[in-house]
Asks: 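One structure, as structure tokens, below. Some questions next.
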Protein chains: 2
Amino acid sequence: MQNSFTEENYLKIIHSLSGRDGAEVSTNALAESTATRAASVTDMLRKLAEKGLINYKKYQGVTLTEQGEKVAIKVIRKHRLWEVFLVEKLGFGWDEVHDIAEELEHIPSEILVEKLDTFLGHPRFDPHGDPIPDAKGNLTEPDYLVLTDVQIGEKVRMMGVLDHAPSFLQHLDRSGITLGSVIELKEVNDYDKSASVQINGGQTLFISLEVSKNLLVQRR
Amino acid sequence: MQNSFTEENYLKIIHSLSGRDGAEVSTNALAESTATRAASVTDMLRKLAEKGLINYKKYQGVTLTEQGEKVAIKVIRKHRLWEVFLVEKLGFGWDEVHDIAEELEHIPSEILVEKLDTFLGHPRFDPHGDPIPDAKGNLTEPDYLVLTDVQIGEKVRMMGVLDHAPSFLQHLDRSGITLGSVIELKEVNDYDKSASVQINGGQTLFISLEVSKNLLVQRR
DNA sequence: ATAAAATTTTAGACTAGCCTAAATTTTATT
DNA sequence: AATAAAATTTAGGCTAGTCTAAAATTTTAT
């Protein structure tokens with residue numbers, strides 16, 4: 001049996017709120033993320049539980065079952081592949097693709113996904129640096145660190161973002177920080193934790209703590 | 001205001017049943033094409049009429065308003081562009097793309113369509129030979145003829161199909177008849193109107209009236 | 001011209017997904 | 001441990017889109 005657009009969205013959101021450890025997700029958190037009311041979430045949880053997609057005990061929060069996890073990862077795979085398509089093939093900016101991919105991710109057809117994957121050359125990461133699950137549903141989160149965890153003097157490579165908001169991505173564009181940029185942490189201001197960084201051995205710029213907290217980087 | 005998936009489908013189907021002359025479409029015809037019951041069609045017609053998308057008087061059948069026509073053509077444009085993408089870029093067969101395009105055609109975003117169009121090189125026809133409306137909504141149906149209207153001895157070019165059923169398209173594949181093939185009509189059997197045709201000056205084969213009736217061709 | 005047949009519409013009902021308001025359960029605070 | 005606050009669920013209701021059965025209208029055929 002097929003899952004509806006809405007069901008898929010719930011599963012995807014539960015997956016992302018649940019985090020790496022598969023922690024329980026609360027009704028209120030889901031209400032917030034789905035932009036619906038808690039009462040509506042409860043209705044949907046009952047339904048998803050009946051279908052065997054989540055583990056749900058009243059008042060106790062939910063986790064995905066193995067089956068639900070599978071569905072969620074498929075949706076994530078589709079979302080990220082379509083984002084690659086939109087950026088690499090159609091020329092969208094990385095700040096413009098989220099909403100469109102949000103629709104495309106619910107198009108059914110296994111074959112479509114696999115052909116798209118092949119067409120794109122089996123990309124491992126989407127335009128925001130998020131890893132793309134493989135066809136078997138293996139999703140390995142690379143263990144990047146957040147820029148705030150980097151020591152002064154370290155040179156790291158920019159690998160992804162935690163915040164996907166267009167305004168944040170546009171801010172990075174204006175700062176000349178893109179995926180793959182080498183960032184050298186020059187100093188951190190004691191007072192507000194703002195940092196001065198050098199990008200690709202060239203221009204030096206100041207970034208706020210807010211920005212640092214949302215940059216995923218890798219030691220080299 | 002946005003139109004729903006279902007509303008878009010009704011408009012698209014009314015457009016196609018209405019034909020070039022914009023003839024009235026009956027409730028039953030719509031029920032058949034939408035695979036719903038006549039009563040459900042009536043409900044939807046009332047709604048579309050209220051939105052100003054169709055001209056509807058009870059018991060009299062419907063036609064599209066200018067506004068409705070616009071929406072229908074946009075959906076058709078999207079459908080056909082996605083079909084080109086699926087065949088040209090992803091490598092699907094022309095018999096495999098209809099259902100997937102049926103989903104993709106409802107993805108909103110004007111920009112997406114225009115970027116897709118550019119990416120595909122502004123194709124004029126889809127993989128079945130159907131014309132693709134331009135961004136302004138101009139849809140010019142080329143005046144192809146059906147193979148049954150061709151005289152014996154004539155050489156024509158295969159330009160499209162009337163029946164889009166996978167089984168028919170697969171049959172053409174097996175016969176070696178593709179878009180652009182040159183077909184010379186050798187003879188027509190008086191009894192059952194089956195025909196013998198030569199393809200691209202090579203192989204000669206017999207085709208039934210059923211096939212002839214569904215082949216669109218052009219004199220050269 | 002009119003009765004039978006076919007088509008279409010109305011009436012009433014169902015499901016998915018959402019809502020508000022009220023009730024219940026859990027958690028936090030004293 | 002008792003109670004206040006917060007979180008969650010239940011109850012009852014709404015809309016979109018569908019259905020069946022019955023009523024109304026149009027078309028067809030005598």
Side-chain angles (χ1 to χ4, degrees), chain A residues 1-15 17-19 23-64 68 71-72 75 102-103 105-108, chain B residues 1-15 17-19 23-64 68 71-72 75 102-103 105-108:
Chain A
M1 66 202 77
Q2 275 281 83
N3 302 298
S4 73
F5 186 106
T6 310
E7 288 167 346
E8 286 189 351
N9 266 336
Y10 270 86
L11 295 173
K12 182 186 64 169
I13 290 171
I14 293 169
H15 178 94
L17 293 178
S18 201
E24 258 136 45
V25 177
S26 77
T27 300
N28 263 359
L30 281 168
E32 162 119 46
S33 290
T34 55
T36 62
R37 296 322 184 96
S40 310
V41 172
T42 300
D43 284 348
M44 183 56 81
L45 294 185
R46 201 163 6 80
K47 192 173 145 201
L48 291 173
E50 247 162 50
K51 285 185 131 190
L53 296 164
I54 60 174
N55 304 115
Y56 173 53
K57 255 173 271 157
K58 284 202 289 186
Y59 296 99
Q60 306 298 283
V62 290
T63 58
L64 293 175
V71 175
V75 176
E102 207 71 1
E103 303 279 335
E105 72 188 7
H106 302 291
I107 302 284
Chain B
M1 63 204 82
Q2 276 281 84
N3 301 298
S4 73
F5 187 107
T6 310
E7 288 168 345
E8 285 188 353
N9 266 336
Y10 270 86
L11 295 172
K12 182 188 63 170
I13 290 171
I14 293 168
H15 177 93
L17 294 178
S18 201
E24 258 135 46
V25 177
S26 76
T27 300
N28 264 359
L30 281 168
E32 162 118 47
S33 290
T34 55
T36 62
R37 298 320 186 96
S40 311
V41 172
T42 301
D43 285 348
M44 182 56 81
L45 294 184
R46 202 164 5 79
K47 192 174 146 201
L48 291 172
E50 248 162 49
K51 284 184 132 191
L53 296 164
I54 60 172
N55 305 114
Y56 172 53
K57 254 173 272 158
K58 285 202 288 185
Y59 296 99
Q60 306 300 281
V62 291
T63 58
L64 293 175
V71 175
V75 176
E102 207 70 1
E103 303 280 336
E105 73 189 7
H106 302 291
I107 302 283

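Being a predicted model, the structure only gives us computed values, none of them experimental.
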Asks: Distance check needed: D:dG13 C1' versus A:Asp43 CG, whole Å only.
Replies: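 Taking CG of A:Asp43 and C1' of D:dG13, I get 12 Å after rounding.
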
Asks: Rounded off to whole Å, could you give me the OH-to-P distance for the A:Tyr59 and C:dA23 pair?
Replies: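 Whole-Å distance recorded here is 13 Å.
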
Asks: Is D:dT28 paired to anything, Watson-Crick or G-U wobble with both distances less than 3.5 Å, and if yes, which nucleotide?
Replies: C:dA3

Asks: In whole Å, what is the span from the CG atom of B:Leu30 to the C1' atom of C:dT9?
Replies: 14 Å

Asks: Provide, to the nearest angstrom, the distance between the CD atom belonging to A:Glu7 and the P atom belonging to C:dC18.
Replies: 10 Å

Asks: Looking across every strand, which nucleic acid part, if any, lies under 4.0 Å from B:Thr6 by heavy atom: base, sugar-phosphate, or nothing?
Replies: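 Sugar-phosphate only.
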
Asks: B:Ser40 side chain N/O closer than 4.0 Å to the phosphate oxygens (OP1, OP2) of D:dC19?
Replies: yes

Asks: Between A:Ala38 and B:Ala29, which has a closest nucleotide on DNA chain C that is more 5'?
Replies: B:Ala29

Asks: For atom CD of B:Glu102, is the number of surrounding heavy atoms from other residues, nucleotides or ligands below 6.0 Å larger than 12?
Replies: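 Correct, the count exceeds 12.
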
Asks: Which part of the nucleic acid, if any, lies within contact of B:Thr36, taking any heavy atom under 4.0 Å across all strands shown: a base, the sugar-phosphate backbone alone, or nothing?
Replies: sugar-phosphate

Asks: Taking for each residue the nucleotide of DNA chain D bearing the nearest heavy atom, is the 5' side occupied by B:Met44 or by B:Ala39?
Replies: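 Its nucleotide being nearer the 5' end, the pick is B:Met44.
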
Asks: May I ask you to evaluate whether B:Arg37 reaches the phosphate of D:dT20, defined as a side-chain N or O under 4.0 Å from OP1 or OP2?
Replies: yes

Asks: I want to check something: taking the side chain as every heavy atom from C-beta on, are B:Val75 and B:Asn9 in contact at a cut-off of under 4.5 Å?
Replies: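 Result no, sub-4.5 Å side-chain heavy-atom pair not found.
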
Asks: Checking all strands, does A:Thr42 fall into the base, sugar-phosphate, or nothing category for heavy-atom contacts under 4.0 angstrom?
Replies: base

Asks: Is A:Lys57 salt-bridged to A:Glu24, going by a charged N under 4.0 Å from an acidic O?
Replies: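 So A:Lys57 does not pair with A:Glu24 through a salt bridge.
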
Asks: In whole angstrom, give the distance that lies between atom CZ of B:Arg46 and atom C1' of D:dT18.
Replies: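 Distance, rounded to whole Å: 13 Å.
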
Asks: Describe the nucleic acid contact of B:Tyr10 in one word from base, sugar-phosphate, nothing, applying a heavy-atom distance below 4.0 Å.
Replies: sugar-phosphate

Asks: Kindly indicate, with the supporting measurements, whether the criterion side-chain contact (heavy atoms from CB on, under 4.5 Å) is fulfilled by B:Val25 and B:Ile54.
Replies: CA-CA 11 Å; B:Val25 177; B:Ile54 60 172; over 6 Å; no

Asks: Could you state the atom-to-atom distance from CD of A:Gln60 to C1' of D:dA7 in whole Å?
Replies: 12 Å

Asks: A:Lys58 side chain: which of C:dT8, D:dT10, C:dC19 is closest?
Replies: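 The nucleotide sitting nearest to the side chain is D:dT10.
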
Asks: Identify which nucleotide among C:dA11, D:dA7, D:dT26 has an atom closest to any side-chain atom of A:Asn28, counting heavy atoms from C-beta outward.
Replies: D:dA7

Asks: Just how far, in rounded Å, is C1' of D:dA16 from NZ of B:Lys51?
Replies: 11 Å

Asks: Across the strands shown, which category fits B:Tyr56 at heavy-atom distances under 4.0 angstrom: base, sugar-phosphate, nothing?
Replies: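 Answer is sugar-phosphate: B:Tyr56 comes under 4.0 Å of backbone atoms only.
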
Asks: Are A:Thr42 and A:Tyr56 packed together at the side-chain level, in the sense that at least one heavy-atom pair is separated by less than 4.5 angstrom?
Replies: yes

Asks: Figure out the NZ/C1' separation between B:Lys57 and D:dA24, and round it to whole Å.
Replies: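 One finds 19 Å between C1' of D:dA24 and NZ of B:Lys57, rounded.
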
Asks: One pair to check against side-chain contact (heavy atoms from CB on, under 4.5 Å): A:Ile107 and B:Ile107. What are the steps and the verdict?
Replies: CA-CA 9 Å; A:Ile107 302 284; B:Ile107 302 283; 3.9 Å; yes

Asks: Look at the side-chain N and O atoms of B:Ser26 and state whether any lies under 4.0 Å from the OP1 or OP2 oxygen of C:dT7.
Replies: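 No, no such contact exists.
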
